[in-house]
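When a ligand or atom number is given, it counts from 1 through the structure's own listing order. Values below: all heavy atoms of this structure, side chains included; hydrogens, waters and symmetry mates excluded. Count residues from 1 along the sequence.
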Amino acid sequence: MNQFLQNVQKMKIGIVCYPTFGGSGVVATELGKALAQKGHKIHFITYSQPTRLDFFNENLFYHEVDVRPYPLFDFPPYELALASKMVDVTLFEKLDLLHVHYAIPHASAAYMARQILMSKGIRIPVITTLHGTDITLVGKDPSYEPVVTFSINESDGITAVSENLKEDTYNHFEITKHIEVIPNFVDIERFKKQKKDHFKTAICPNDEMLIVHTSNFRKVKRIEDVVHVFYKLRQVVPSKLLLVGDGPERSKIEQLCRELGTCEDIRFLGKLDAIEEVLSVADLFLMPSEKESFGLAALEAMACEVPVVSSNAGGLPELNISGFSGYTCNVGDVEEMTRRAIEILDKKNLPVFKKNALSRALQFEISEIVPMYENYYQKVLSEVSEKASSG
Ligand code: GMT
């Protein structure tokens, strides 16, 4: 640990995120847990307990946003309840900073909370982390765009999880401020290859190769490409496919498996907590997404020594180095993805790709990335307090 980091002042931080299985919620929760272990007081403010907030630490707190229904409301105003909760927690817990993950509606709720607190003589700095679909899909829709642009520009600090997402944000919105890139990270104490031979034997009794995909089964993940690649691959390399996760595309994908006659070689595992156990016995991870700002699931696979065949969308080429940790291919190019999968699974290539996947993942180790957030918090806090004292 360097001199500066040892001296990082301990902060009281409010973290706002989606509590579900999505990548942004996972990153926010893991970041909060890591900061709490370093002595910061972390207050999660969400509508239910974040899925990965699964252990006790004296520095971790959880405040539930209470959205009261009323017969008049077809759409209960979550954003107002969230802003009110942010005001309440900031006042009562004397927070130093609010860090919101995923712009919609967290950045605009934070703006509202900040203005309310200002009217009470309190200036709370707000940092917004952009995760992907809040920019590339939902955020640029005209029904949200003006609010997203305004609330990003009003944030005191903005971070994006990849260079590509930063560029996309500047391209799609009129952003007048600097965006800091802080990549996602992985906890290699949890995501590491474990000995799970019995599990591998149960799924691949004839020593088949094991292919894995995990996601929230949304359209943007292109899971039909996973199935088509697997269909072609298994004609050349005996293999099995595990699909982990759940979401709106699942029944369509099950139907496709039936049509292709691949059902006996594909298993749907649903939402699993211990993903690292499945990854520990995998030989290849597929991520053919249409858009992907970073690809956290691929990083977790790489940390478990699993090479990745992904699309080259968004920030994926910043993570998955083509020809080293796996390959990146054009979106929808099922032929090329299959060719690359076969190349990786070749018995003499596979150990090299596995080793490379791990070495690439180590560059995103949690202990490397969390200090970037701590330093950024300090920078934003000093800028805001300098501005306040000069103006
Ligand atoms: O992938 C999703 O649909 C979930 C989404 C989220 O915000 O929860 O994930 C986004 O954020 C992750 C964490 O920063 C990134 O690793 C994912 O690449 C990104 N997803 C997309 O850009 C589609």
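Contact check on K387 versus E383 returns no salt bridge, with no Lys/Arg side-chain nitrogen under 4.0 Å from an Asp/Glu carboxylate oxygen.
Numbered from 1 in the order shown, with element, the atoms of ligand 1 that lie under 4.0 Å from a heavy atom of L296 read 16 (O). Close approach to Y102 involves these atoms of ligand 1, each under 4.0 Å from a residue heavy atom: 7 (O). The atoms of ligand 1 that sit less than 4.0 Å from any heavy atom of N216 are 1 (O), 2 (C), 3 (O), 4 (C). Of all the atoms in ligand 1, the ones that sit under 4.0 Å from a non-hydrogen atom of V161 are 14 (O). For ligand 1, the atoms lying closer than 4.0 Å to a non-hydrogen atom of R218 are 2 (C), 3 (O). Within ligand 1, the atoms closer than 4.0 Å to a non-hydrogen atom of G132 are 22 (O), numbered from 1 in the order shown.
Checked by atom type and distance alone, the side chain of R114 pairs as donor or acceptor with a backbone atom of E154 at under 3.5 Å.
For the residue pair N320 and T328, no side-chain donor N or O sits within less than 3.5 Å of a side-chain acceptor on the partner.
Assignment of H101 to the shell around ligand 1 is not supported, since no heavy atom sits closer than 4.0 Å.
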Solution key, residues 72-93 side-chain donor-acceptor pairs under 3.5 Å, sequence neighbours excluded:
from	atom 1	to	atom 2	distance (Å)
E79	OE2	S108	OG	2.7
S84	OG	L80	O	2.9
T90	OG1	M86	O	2.5

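Pairs passing the salt bridge (Lys or Arg N to Asp or Glu O under 4.0 Å) check and including a residue from residues 228-249, sequence neighbours excluded, read K232-E335, R234-E264, R234-D265, K240-D265, D246-R250, E249-K252.
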